[in-house]
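Quick notes on the structure that follows.
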Number of protein chains: 2
Amino acid sequence: MAEMTTHRHRRRAETEAEIKAHAWAAMRESGPAVLSLRHVAREMGMAPSALYRYFASRNDLLTALIVDAYESLGEQVNETYVRAGAAGQNAFEVFMAVAHTYRGWAMSHRTEWALIFSTSLPDYNGTPETYAAAGRSFGILIQLTADAVAGGLIDVDRLDRTLDDKLRESMRVWAEHTGQELPAGALAGSMWCYSVMHGAISLDLNGQFPPPMADSPALFDSALRAMLAQLTPTD
Amino acid sequence: MAEMTTHRHRRRAETEAEIKAHAWAAMRESGPAVLSLRHVAREMGMAPSALYRYFASRNDLLTALIVDAYESLGEQVNETYVRAGAAGQNAFEVFMAVAHTYRGWAMSHRTEWALIFSTSLPDYNGTPETYAAAGRSFGILIQLTADAVAGGLIDVDRLDRTLDDKLRESMRVWAEHTGQELPAGALAGSMWCYSVMHGAISLDLNGQFPPPMADSPALFDSALRAMLAQLTPTD
DNA sequence: CTCACATAGAGAACAGTGTTCACTTTGCGA
DNA sequence: TCGCAAAGTGAACACTGTTCTCTATGTGAG
């Protein structure tokens, strides 16, 4: 009974989608954070108050947009994960493919990226929905780490020895929580890679790389490979 | 004649500082991006329009705040650079000290960090002043790279060979621009480290590390050391 | 087929915002 | 001491998100 698709229900879903589409369009040309309900309403030829039949507040609309963005990102990333895995590549190569997809998405969806990662939108607070969406995207990283461990690509013992006791303990706590076979050293390594990936993209998007290296997938690639090399056994 | 410090001039500087102080206070408790001129004015017991004698617009006030934030960051970072250098540590250890200062500043100045790095504040566009301020902070990284090269800490040739031709060329272009002795490989390595540093801080601040590893200087430290290890000659 | 009712929408209103403009007060320099 | 620029005021304008009352209208039950 959740999917009683009467005419009205379909119409409602359509308008909802149309609102979000107009919201994205507005943000794309004026930057996120200046999303104006009245503007969207004007654009759609309806009264501002009518929007409140679809989203309880501006924050709720933003939340829906953020969740959609996460979903779009997660979908693309997951797709490459599956495809690269099916092609029989090892976990590190799959990770590189996923990372490049991640970066490509960020570059071609700057508004979405900003909406997801720019701390502190005006007056906006994260909600459980967005946290859940974020977690799903994080899950792939965990999965990749487990794959790499299973494939013997990570020198687990050596990495483990580089951690100090308190850090190793934090890792162990989280590893239990994932339910995967994740030694502390491997988990730390995956965090290192995550940091490189996110940092390189973030700096690039914010224009904080010197001009000649801006928008350079090669720099991104080299940074990630450098970090991966640090995880391999045959040092 | 620029520093004719008449009574009026001093008063003016004071009010200007007071405005900024109130602005910071407001942002600290309501998040950045919701900075309201009227609120600041109310807090100071003056008419909203009076603020316009000090800052031509909300954007101008934001710019001043950002520049101040950069200056605060740059000052702290530079201080550790000087102190650690004077203590006779090698370039890598100095870098680690600088990185920890950087991270510490970010943690204790979340509002400032958000103001500097969160892309797309509502309606705010970067200005030459902020770019100049950013460049000054970037300069230390370049200096550290040069120090490391001079100290023979970086396996310049090996790193150089890992770069593909186009990337090496971009690096060379920028290296010339710095006026320092910076081989392409070393410059790439410094970008890798910059990415790790920024990424780890950014993820941590945005709460995108799993809870047990949140706010962990040790994880930050291990990630950076892993990347540094990738630069050393005695592989 | 009709009738009741939830749904979709309109439009006015409220409190808040950044910004401008004409006006007054006030302090400094000649 | 006088004149003028700087500092501050208060009203106004065009916005914003949100709420409220009100009116159509499509839908499901009898």
Side-chain angles (χ1 to χ4, degrees), chain A residues 1-20 22-23 26-27 29-66 115 120-125 127, chain B residues 1-20 22-23 26-27 29-66 115 120-125 127:
Chain A
M1 58 182 66
E3 49 255 45
M4 287 270 277
T5 66
T6 87
H7 181 212
R8 201 125 90 170
H9 289 165
R10 246 177 300 123
R11 275 292 301 256
R12 185 180 174 81
E14 277 173 27
T15 343
E16 208 172 294
E18 198 182 338
I19 292 173
K20 293 199 283 193
H22 276 96
M27 293 174 105
E29 68 176 53
S30 314
V34 277
L35 173 62
S36 152
L37 293 188
R38 291 185 111 102
H39 177 76
V40 170
R42 223 154 30 225
E43 209 83 358
M44 295 184 63
M46 65 197 293
S49 51
L51 293 182
Y52 284 77
R53 301 281 170 201
Y54 298 89
F55 299 95
S57 73
R58 185 172 176 277
N59 268 12
D60 277 37
L61 174 53
L62 278 174
T63 301
L65 294 173
I66 291 180
L115 205 54
S120 71
L121 278 154
D123 215 6
Y124 178 79
N125 301 313
T127 68
Chain B
M1 56 181 68
E3 50 255 47
M4 287 272 276
T5 66
T6 85
H7 181 211
R8 199 124 93 171
H9 287 165
R10 246 177 301 123
R11 274 294 300 255
R12 183 178 177 82
E14 277 172 27
T15 348
E16 209 171 293
E18 197 181 340
I19 291 173
K20 293 199 284 192
H22 276 97
M27 294 174 105
E29 70 175 54
S30 315
V34 276
L35 173 61
S36 153
L37 293 188
R38 290 184 113 104
H39 177 77
V40 170
R42 223 153 32 225
E43 208 83 359
M44 295 184 63
M46 66 197 294
S49 50
L51 293 182
Y52 285 75
R53 302 281 168 201
Y54 298 89
F55 299 96
S57 74
R58 187 172 174 278
N59 269 11
D60 277 39
L61 174 53
L62 278 175
T63 301
L65 294 174
I66 291 180
L115 205 55
S120 69
L121 277 155
D123 214 8
Y124 178 79
N125 301 313
T127 68

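All chains are named by letter (A, B, ...) in the order of the sequence lines, taking the proteins before the strands, and each is independently numbered beginning at 1. Both backbone and side-chain heavy atoms feed into the values below; hydrogens, waters and symmetry mates do not.
You'll find a donor-acceptor pair under 3.5 Å spanning the side chain of Arg38(A) and the base of dG17(D), going by distance alone.
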Distance-only check: which donor-acceptor pairs under 3.5 Å involve side-chain atoms of residues 32-39 of chain A, not counting sequence neighbours?
from	atom 1	to	atom 2	distance (Å)
Ser36(A)	OG	Arg38(A)	N	3.4
Ser36(A)	OG	His39(A)	N	3.0

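By the 4.5 Å heavy-atom criterion applied to side chains, Lys20(A) and Phe55(A) are counted as neighbours. Taking 4.5 Å as the limit, every side-chain heavy atom of Val40(A) sits out of range of all side-chain heavy atoms of Arg58(A). In this structure, the side chains of Glu14(B) and Arg11(B) come closer than 4.5 Å at one or more pairs of heavy atoms.
Contact between the side-chain N/O atoms of Ser36(A) and the OP1/OP2 oxygens of dG17(D) is found at a separation under 4.0 Å. A close approach under 4.0 Å does not occur between any side-chain nitrogen or oxygen of Arg58(B) and OP1 or OP2 of dT20(C).
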| field | B/S/- contact track for nucleotides 4-9 of chain D, protein heavy atom under 4.0 Å | value | -BSBBB
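In this structure, Leu61(B) places its CG atom 15 Å from C1' of dT17(C), rounding to the nearest Å. When rounded to the nearest whole Å, the span between NE2 of His9(A) and P of dG26(D) equals 15 Å. Distance, Arg42(A) CZ to dC15(D) C1': 9 Å, rounded to whole Å. We find that OH of Tyr52(B) is positioned 19 Å from C1' of dC23(C), with the value rounded to whole Å. If you measure from atom CG of Leu37(A) to atom P of dG17(D), you get 4 Å, rounded to the nearest angstrom. Between the CG atom of Asn59(A) and the C1' atom of dT18(D) there is a distance of 12 Å, rounded to whole Å. The distance from atom CZ of Arg10(A) to atom C1' of dA8(C) is 17 Å, rounded to the nearest whole Å. For the pair Leu35(A) CG and dG17(D) P, the computed distance is 7 Å after rounding to whole Å.
The two residues Arg12(A) and Arg53(A) come nearest to each other via the heavy atoms NH2-O, 2.6 Å. A pairwise comparison of heavy atoms in Ala41(A) and Pro48(A) identifies CB-CA, 3.7 Å as the closest pair. Scanning all heavy atoms of the two residues, the minimum distance from Leu65(B) to Ala23(B) falls at CD1-CB, 3.9 Å.
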